[in-house]
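Okay, structure first, notes after.
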Amino acid sequence: MSLPTPESRSSWLRGYNDRLIAAASMDDLTASPASEVPFRISFSGHGGHLRLDPTPSPPSPVPDFVLPPAYPPESPSSVKEYLEENYLDPELYIPTAANDARVWDVDWFDLARPPLEPSAPRTVLVPSWEPPFRRRPSTSPQVWDPKSVQMEMSQVFDSGTGGMVPRMPGPAKDFVRGRVNSRPFRPGGLQDDAAEAAALEKAFPESARNGDWVRELMSGGPALTAPPGFPKGIDLGQLKEYSSQWKCFRDGEQVEEQPASSSNDTMDKYSVQFDDLFKISWEEDDANVVSPEDDGEHLARDEGTNDINEQKVDKLQDGSETLARADTDKHEVNVIEDASEAQMDLDKMLSSEVQDTRRETSGLGDDKPAQEGTDWALVVGDDGIVTNFHKLVPDMAIEYPFELDKFQKEAIYYLEKGESVFVAAHTSAGKTVVAEYAFALATKHCTRAVYTAPIKTISNQKYRDFCGKFDVGLLTGDVSIRPEATCLIMTTEILRSMLYRGADIIRDIEWVIFDEVHYVNDAERGVVWEEVIIMLPKHINIVLLSATVPNTVEFADWIGRTKQKKIRVTTTNKRPVPLEHCLFYSGEVYKVCEKDIFLTQGFREAKDAFKLKNSNKFGAKPGTKSGTPVVRSGTQGRNPDTSNKGRDQKHSKHHHTNSGAAAIQQSTSGPRRSDLIWMPLINNLLKKSLVPVVIFCFSKNRCDRSAESMFAADLTSTSDKSEIRVFCDKAFSRLKGSDRNLPQVVGIQSLLRRGIGVHHAGLLPIVKEVVEMLFCRGVIKVLFSTETFAMGVNAPARTVVFDTLRKFDGKEHRKLLPGEYIQMAGRAGRRGLDTIGTVIMMCRDEIPEESDLKNLIVGKPTRLESQFRLTYTMILHLLRVEELKVEDMLKRSFAEFHAQKDLPQKEKLLLQMLRQPTKTIECIKGEPSIEEYYDMFLEAEEHREFVTEAIMQLPATQQFLAPGRLLVVKSKTDDDHCLGVIVKNPSAALKQYVVLVLTGDSTSSALDPNLSNQNDKGTGVSQQGYLVIPPKGKRGMEEEFFSSGRTRKSSGVINIKLPYTGDASGMGFEVRAVENKEIISICTSKIKIDQVGLLEDISKTSYTKTVQMLIKEQSDGKYPPALDAIKDLKMKEMDKVQRYHAHVNLLEQMSENKCHGCVKLKEHKLLMKEQKVYKDQLDQLKYQMSDDALQQMPQFQGRIDVLKEIHYIDSDLVVQLKGRVSCEMNSGEELITTECLFENQLEDLEPEEAVAIMSAFVFQQRNASEPSLTPKLADAKKRLYDTAIRLGQLQKRHEVPVDPEEYARDNLKFGLVEVVYEWAKGTPFADICELTDVSEGLIVRTIVRLDETCREFRNAASIMGNSALFKKMEIASNAIKRDIVFAASLYVTGI
């Protein structure tokens, strides 16, 4: 036992003495077991060990305690002295000459021993401010003795850096990464209504926002002399009384005047008091406060403030009873006429609390600080900043040896002011300067800055660039270098994990820099950017760097609204090096665009050359060589991946991917054909000094084959060869012997020495870094690369070449998007070296269309679109914190930005609608039943439309629907039905029936249902126009019913403009197109029509005859009999027949209703329709404002049900053990990995086998050769796949949009199980590459990510308490961490 400290001794003695006292105070002391063996307790010597010594004295109930001889007796004074000496007095150790000769070399900060900070109190007493007239009289009439109130420390010192609740910092080991048990910090912009109301009350108490203190000043009286906290003041004497009167209005007319000093009883009868008017003025003035730097921007707005206030007063005066104050001149105020709106504002003001009044102009709590119409994104364009930059920023945090561009100066100016900025500029324009300045400011302010990038290569490269300038650390999935540094570079996923896990380092961060913001469009990882932006605390400022995108302001506005802070947007379309765009066809270069101006002449020349060559080719004999090379080349460029599809040989990989000498021994026909493609272009570029050049090929295999085709080219000088050889020897010397002889390493060196490079994801990381560094040095003249080179590497070239303008995006072959083209083309032109950058597009068998080319070169880039989606990890992280809901995260996503932005207007509209008076329906027959009648009417209409649509699809119906057939169609006003005749059937040009319908006249009562009150049970229409379908009558099949007056047959042409209206025989008619659902019934009657005269020749006689025949058909006021849907039209399907009978039954019930036949039925139906529309609009508005309207809300509920069923959360949404474990899983799909752990699927596997199966979580390539597995691994694979299928079926059952088979295939890819198994067993890298057709670079990337997965499984095992799994994961991690796979990055270690 170690020597006890004084604190432990004191507490032990106090407890011991208490027990002695308690024992002594007992009246009846019984024998205890201690009395049977008499002993005493003592310390043995200075070691502090407890010792039991037998005692010969008579036994006592409580053993004696003997103080050790090494310590003197303790007393309160000695304990106090000890505490003061060790904890309360600061001490500075100063070395002397005896123990340190170099007295002057002292690190005072390390030698200082400051005392420990005491625990912060939970509450504190603070003074409560009151206006003068509210203060209670004190002993001294001129001194204010404020009251004190008890407040929480978190409310008093709320700086935004604290968590959801105040918490102490965690252990040092979790300072950077955090831990899953820590609560996240409160996201910026997340409003707390209670906290904000308390803060508002603290800053501006209710007593300061009413008009009493103004009234006190107006009435005169003694003035206070001493301000709060001052012992003395100045006596100003008596306040002068300002005589004034109130003008009292009722219904807009003045009724009386009252002195301003009138008692409250006199004034209380008015509904609006002076305090109400004062409150509105207070709120508007507070809302229109202008910051000093924005004075110039808001001068015009300030000038109109008085007008706004006058309008508000005018509105209030027009209420039911209003009150206004006038000055001594008694100026009248105009009364406006909008009573309903004034009453709404009046009621809202009177019924709202103080904080609610403040929210009226801003909407919901999320947008509270923003006034209506406020823009959070402020576009910068002030030339004064550029002109006076050095006066505005006299002491820059870092000096630059060159003149800054305009956008750089603007961004730096606002960074100095502590504001967030969004910089959008072209590639290589100098956006990194802004990031550097944020780093410099963090260093100057002794805070931290974080630089995030979407690609690990960018992180490594930025680490190398910033290392010599700042105190930099690097955090990626597999590398952690100096995490305690001031400036941290990390991937976005690492920052998201830190935010969710509540890492204490977040407290120190001042700036977060997001580079390549346009990467938010990435379908897989774009959601990470949105999560991080939403989760950032409010004390962190944001710097966003992006390529030019069309909706920069919109994106910045979303960030500003989400974080409740202004975002300064500075953009530039100026390129530091202008670009020229050319087409390369048949050995010639044609310039088609220069300085963003499309050159039509150059495009026409290229088109003419193409036509000339193709005319020669088509004129030659078949099989000649004139067009053969072009066709073959174009085929490869058009579909670059087809030559390698269908590969199933297990050991065929290196025949396609290895570069250099190892692959030259292939058949020479392929390279020679490819040589015909590239050598003319390369020679042309060399002749014009347009190298180095980057050639973008959108396929890894295409890059390799193109490089191999140039086996005869040698583009480097002797000095270049020497530099390349020395560099490669140094770089590859860190590899062990067998790894240095890998085919890829040997082959790439052969290419590099000739000035040719290859760059794509299939290369080993160290090989890619060698290529990047040599290209930056300028010794590589030609680089074949995929588009990742444009995103991940800052290496501009003289020329950029596009092998093709089509790419495969993982789903389909498509054209390049303008944003993708601009991103890659931006690599052309080296700032300071070139005056212009050249972009060349290869054209082989075709020339692009002019419109496509224009859109690609000078079109708008791709807009920033939200890729936000719900994940189980996100839900579980947010459920751990009660104060932060998943709904809050969904609301703040970019996808919901516009909907949330419109909420204030919707809330205002909702209040207006709720205050609209609704018209009541006064029934003349007693109890109103119009509601029931109208509901039946709507239901009947729904049935009718369904039955009509079903009838129109029946084969028998088409036999009847021919020109001449009479129809009853629905009128446009819904007042009645109309009789009509089919004039023309649907055609390809017009897919509707053309029908001539009667619209009514002034004499006939045939169309007026209100003139007949009898309900005819026979064929026809009830008095309200509802068709009662009759029994079958005499009917015949269709025959020709065209007029015989014309011999010319109709051509089907319509020469009238629909709808065509007119009148004939005293009856109005209309020819219009009719939808199927507008047809009420098909009549049994037919008439003869002249289709040519009605539609083509427009004969008035034809219209007159047709109208007369229609009038004759309904001469008795009834419609002709209708065809029976079941008997005549042969409708037999059960559900349709049931709907048909339901429709008939509803019509009969409506006819029995007492409203049927009422003279006011039409009027009441219109009122019911208005009320129905009003109610629907109200319900729709409420729905749009609710959480249910969120796009992903249905999916969220389904995912919650899934988590409940598999016990990740309980019924109260409390995260359980499985949920906590799932929060640790970031590498693979969280549900599959967690279920794998809790089902102990790795228990019977060796570490090598376990890590091999785990590779299925992180391997990403879809198509890979089938691995050869041992029986044990095959069983493990089947178990894991079955688990994924079961989880997919569970999600599908809960309506999560998941296909079980696809879910399992997408999240489990077993292509590298054999490779990882052999690697973990110690097999050399060269040997494992022969086991699969997967490229070396992807193998390395998978194994590196697998190490991170092992770490996550190890943490999960620690949470679960599974020590065996913890040890197994440690062994597996150590087994795969070796050799070339974990070779250190050249950017990090240097060379």
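Values in this document were obtained by computation on a predicted structure and should not be read as measured data. The chain is numbered in sequence order, starting from 1.
- Glu1239 places no side-chain N or O within donor-acceptor distance of the main-chain N or O of Gln1241, the cut-off being under 3.5 Å.
- A salt bridge links Asp1282 to Lys1278: one of the charged nitrogens lies within less than 4.0 Å of a carboxylate oxygen.
- Ring to ring, Phe1310 and Phe1259 are not that close: their centroids are 6.0 angstrom or more apart.
- Side-chain contact between Phe1382 and Val1340 is absent, with no heavy-atom pair separated by less than 4.5 Å.
- Under a 4.0 Å N-O distance rule, the pair Glu1266/Lys1277 qualifies as a salt bridge.
- Ion pairing between a basic and an acidic side chain is recognised when a charged N comes within 4.0 Å of a carboxylate O; Lys815 and Asp809 show no such pairing.
- With no hydrogens or angles considered, no side-chain donor-acceptor pair links Glu1230 and Thr871 at under 3.5 Å.
- Panel note: side chain Arg1378, backbone Trp1319; a donor-acceptor pair is recorded below 3.5 Å.
- A salt bridge links Asp1244 to Arg1279: at least one charged side-chain nitrogen sits closer than 4.0 Å to a carboxylate oxygen.
- Using a distance-only test at 3.5 Å, with no hydrogens or angles considered, a donor-acceptor pair links the side chain of Thr1342 to the main chain of Leu1338.
- Side-chain polar atoms of Glu1246 and Tyr1317 form no donor-acceptor pair below 3.5 angstrom.
- Side-chain contact between Pro692 and Leu783 is absent, with no heavy-atom pair separated by less than 4.5 Å.
- Residues Phe1353 and Phe1366 keep their aromatic ring centres 6.0 Å or farther apart.
- Residue Glu1249 is tested with Lys1321, Lys1272, Lys1368 for a salt bridge (charged side-chain N to carboxylate O under 4.0 Å, His left out); the sole match is Lys1272.
- One distance of note links CG of Asn1362 with CD of Glu1243; it measures 7.5 Å at 0.5 Å rounding.
- Other residues, nucleotides and ligands contribute more than 12 heavy atoms inside 6.0 Å of the CZ atom of Arg814.
- Using modelled atom types and a 3.5 Å distance limit, the side chains of Thr786 and Thr788 yield a donor-acceptor pair.
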